[in-house]
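The structure under discussion appears below in the form of structure tokens.
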Amino acid sequence: MKCIKEGTGATLPAFAIALAMAVAAIALFSVSADDSSADTPTNYSYSGDIGTIHYEVNDTVLTLTGTGALPDYNYLQHSPWEYTKLTSVDIGDGITVIGEEAFKDQWDLKTVTIGKGVTEIHIHAFQGCGGITTVNMNAVNLRDINLDAIRDVTGVTEINFADDITSIPAFAYFSTGIKNVTIPANVTHIDEDAFFSATALEKVTIKAVDMQRDSTASVFCSSATFSVEFVSGIKTIPAGIFAECWNLTSLTIPDTVTTIGDSAFIVSGMKSLTLPDSVTTIKGYAFRGCNGLETVDLGKGLTTIGPSAFTECSKLKTITIPASVTHIGDGCFDDTYALKEFNCYGKPTNTVDFMFNCMDPSEANMKVYFGPESVIPTGWFAYSDRCESVVFDGTTIMEKAFTDAGNKGLKQITFGSNITSVSNDSFRGFSFYDTDGKKIDLTPETVQGCTFVAKEPRQFYLSDQSFVPDGDGESKMDLPEISVAAVSAVAIFAVLALALVVRRE
């Protein structure tokens, strides 16, 4: 029993010592944890220098001043503010570069102001900053933004451009949640996909009056339904600016605009188009693939329509080319299968390979009218079976305007009294016959006022209902020849009738 008591007495001090050591270890661990947090500042003020750049953090606001490039950071080299929960960043005018991962994963960041001197924004600079809602963009020479610099920055709803901004680089606001965009007056260049996939877009206001684009790639490519407002004074709708804007259904083009750029509205969703009389030029592919386009008014001042300008406008049913038009490019109305009425008052003289490409006679359901002083250029109806009937009241049909490569479904051709130039070569591979079946050569004199009807593909016979010009240049219906016997019979009948009347009296 004595030995037991002694053992028990020796055990108690040892237990107390072990307990004390455990408590001390926990306290030491806690102190170490506190020391670690001291290296990751949150919600208080501190400052320092990165070369020639000075930074200050006041609570959650970071201000960068000085000059030069903000360095690249990565998982080995951290920015001084990496563990601070920033809500606002102000990058001074002297900063030239925003380095890699400079603000990566700053989830609480709401507002970013980018100074005038910034020219580059490197990869992942703002990656994961999904909370940013406002960007104040003052960089006047910004030309290079890495596509991944702003990945996942989807919360941006407002971008305030400085008035002296001159360019907006490619993918600058890729997949942002921006709602309203105002392009300042001094902007001269917008690169491809600058606002690509901006699906929350509601309104675009364009104040820039002298924008030029080297690329036809889209600027506002988006499935969003948004409106467009142009300020007065703009002269050119830039190339590709509204390409692939599927829900852009309507817009008003100011009467100061003279040119619609290449692919400006290609594959957009517009349903109607009205051009002011100030527009003189529609460049190539401008409205190609606008599958919702149903009505078009080209104005009275248009002179040039580029190649494939209205190709694949599958709902367009009628169109009128104004008298001012002097040039229409290749395939301008290719694959417009709903087009039933084509009226041309213009005088284009340029050769084309085709205008309505379609080698299927079952598609011959389009009625074509050419107004006074109009011209049908070379190649217009080559490789096409779209025409059902042609009424030509113009002056000139150029060589190979119609060819035997196509035109199998053409049923009727009417020539007006204004024609001054036509030849057999105007209808390459066609044959024309008079009412007796005799083949005739095409001259203005032989076809004036005549209607020809097809009995076989590209074989046309003079209709007995044709109008021909008389000596005064007026048209009249051909009258059938009357035999002498018929005249005599009528005369005898008249004399007998007169004698009967006299006898009764």
Side-chain angles (χ1 to χ4, degrees), residues 47-57 61-74 77-82 84 86-106 109-153 155-176 178 181-196 198 208 219:
S47 64
D49 295 308
I50 308 170
T52 56
I53 297 175
H54 181 73
Y55 64 87
E56 288 191 8
V57 175
V61 177
L62 169 64
T63 303
L64 296 170
T65 57
T67 59
L70 196 62
D72 291 333
Y73 295 100
N74 52 47
Q77 183 177 2
H78 304 284
S79 66
W81 47 83
E82 180 171 359
T84 300
L86 300 175
T87 59
S88 177
V89 172
D90 187 344
I91 300 170
D93 291 343
I95 311 300
T96 57
V97 175
I98 301 176
E100 179 179 344
E101 297 189 11
F103 305 100
K104 182 180 178 181
D105 293 335
Q106 286 285 349
L109 191 56
K110 301 295 183 186
T111 303
V112 176
T113 298
I114 298 177
K116 291 185 177 182
V118 173
T119 59
E120 300 177 24
I121 302 178
H122 290 179
I123 187 170
H124 304 322
F126 293 95
Q127 183 179 359
C129 299
I132 297 177
T133 58
T134 302
V135 175
N136 299 314
M137 179 58 69
N138 301 312
V140 296
N141 295 310
L142 182 61
R143 294 296 296 170
D144 185 10
I145 294 183
N146 186 280
L147 176 59
D148 285 330
I150 56 173
R151 177 169 290 182
D152 300 327
V153 187
V156 175
T157 58
E158 182 179 0
I159 298 177
N160 301 315
F161 291 104
D163 290 340
D164 48 0
I165 292 288
T166 59
S167 62
I168 299 175
F171 299 102
Y173 306 101
F174 170 78
S175 291
T176 58
I178 187 171
V181 175
T182 297
I183 307 300
N186 290 317
V187 170
T188 56
H189 287 85
I190 302 181
D191 291 336
E192 62 180 295
D193 295 319
F195 299 92
F196 178 81
V219 171

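Nothing fancy with the numbering, it's 1 onward along the sequence.
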- Message: If we ignore hydrogens and angles and just use 3.5 Å, is the side chain of D93 paired with the main-chain N or O of K116 as donor and acceptor?
- Response: yes
- With side chains defined as the heavy atoms from C-beta onward, is the minimum distance between N160 and T134 less than 4.5 Å? yes
- Item | Trace of the side-chain contact (heavy atoms from CB on, under 4.5 Å) decision for N136 with T111 | CA-CA 8 Å; N136 299 314; T111 303; 4.0 Å; yes
- Message: Tell me whether D163 contacts the main-chain N or O of P184 through its side chain, where contact means a donor paired with an acceptor under 3.5 Å.
- Response: no
- Hey, does N146 have a side-chain heavy atom less than 4.5 Å from the side chain of H122? no
- What distance do K104 atom NZ and I123 atom CD1 have between them, rounded to the nearest 0.5 Å? 9.5 Å
- Task: Run through I121, D144, L142 and flag the one making a side chain to side chain contact (heavy atoms under 4.5 Å, CB included) with P169.
- Result: L142
- Task: Would you confirm whether T166, through its side chain, and V140, through its main-chain N or O, come within 3.5 Å as a donor-acceptor pair?
- Result: yes
- Query: Can you tell me how far OG of S79 sits from CG of D72, rounded to the nearest 0.5 angstrom?
  - Reply: 12.0 Å
- So, T96 side chain and V118 main chain: donor-acceptor pair closer than 3.5 Å or not? no
- Task: Would you check if the side chain of H54 reaches a backbone N or O of G48 as a donor-acceptor pair within less than 3.5 Å?
- Result: yes
- Query: So, for P80 and Y73, which heavy atoms are closest and what is the spacing to 0.1 Å?
  - Reply: CD-OH, 3.9 Å
- Item | Gap between atom CD1 of I178 and atom CZ of F195 - 0.5 Å precision | 5.5 Å
- Are any non-hydrogen side-chain atoms of L70 and F103 less than 4.5 angstrom apart? yes
- Would you say the side chain of V89 lies within less than 4.5 Å of the side chain of Q106, judging by non-hydrogen atoms? no
- Item | Atom pair CG (L64) and CD1 (I114), whose distance is rounded to the nearest 0.5 Å | 11.5 Å
- Item | I132 CD1 to S88 OG distance, which is reported to the nearest 0.5 Å | 10.0 Å
- Message: Let me confirm one number: the CD1-OG1 distance from I165 to T188, rounded to the nearest 0.5 Å.
- Response: 11.0 Å
- Answer whether the closest heavy-atom distance between the side chains of T113 and N138 falls below 4.5 Å. yes
- Query: How about I145 and F171: do any of their side-chain heavy atoms sit closer than 4.5 Å?
  - Reply: no
- Can you name the nearest heavy-atom pair linking T182 to F161, along with the distance? O-CD1, 3.4 Å
- Does any non-hydrogen side-chain atom of W81 lie less than 4.5 Å from one of L62? yes
- Could you tell me which non-hydrogen atom of V219 sits nearest to which non-hydrogen atom of I190, and how far apart they are? CG1-CG2, 3.5 Å
- Note on the structure: Scanning both residues in full, the closest heavy-atom pair of E101 with N74 reads OE1-CA, 3.5 Å
- Within-4.5 Å side-chain heavy-atom neighbours: F126 and V135: no
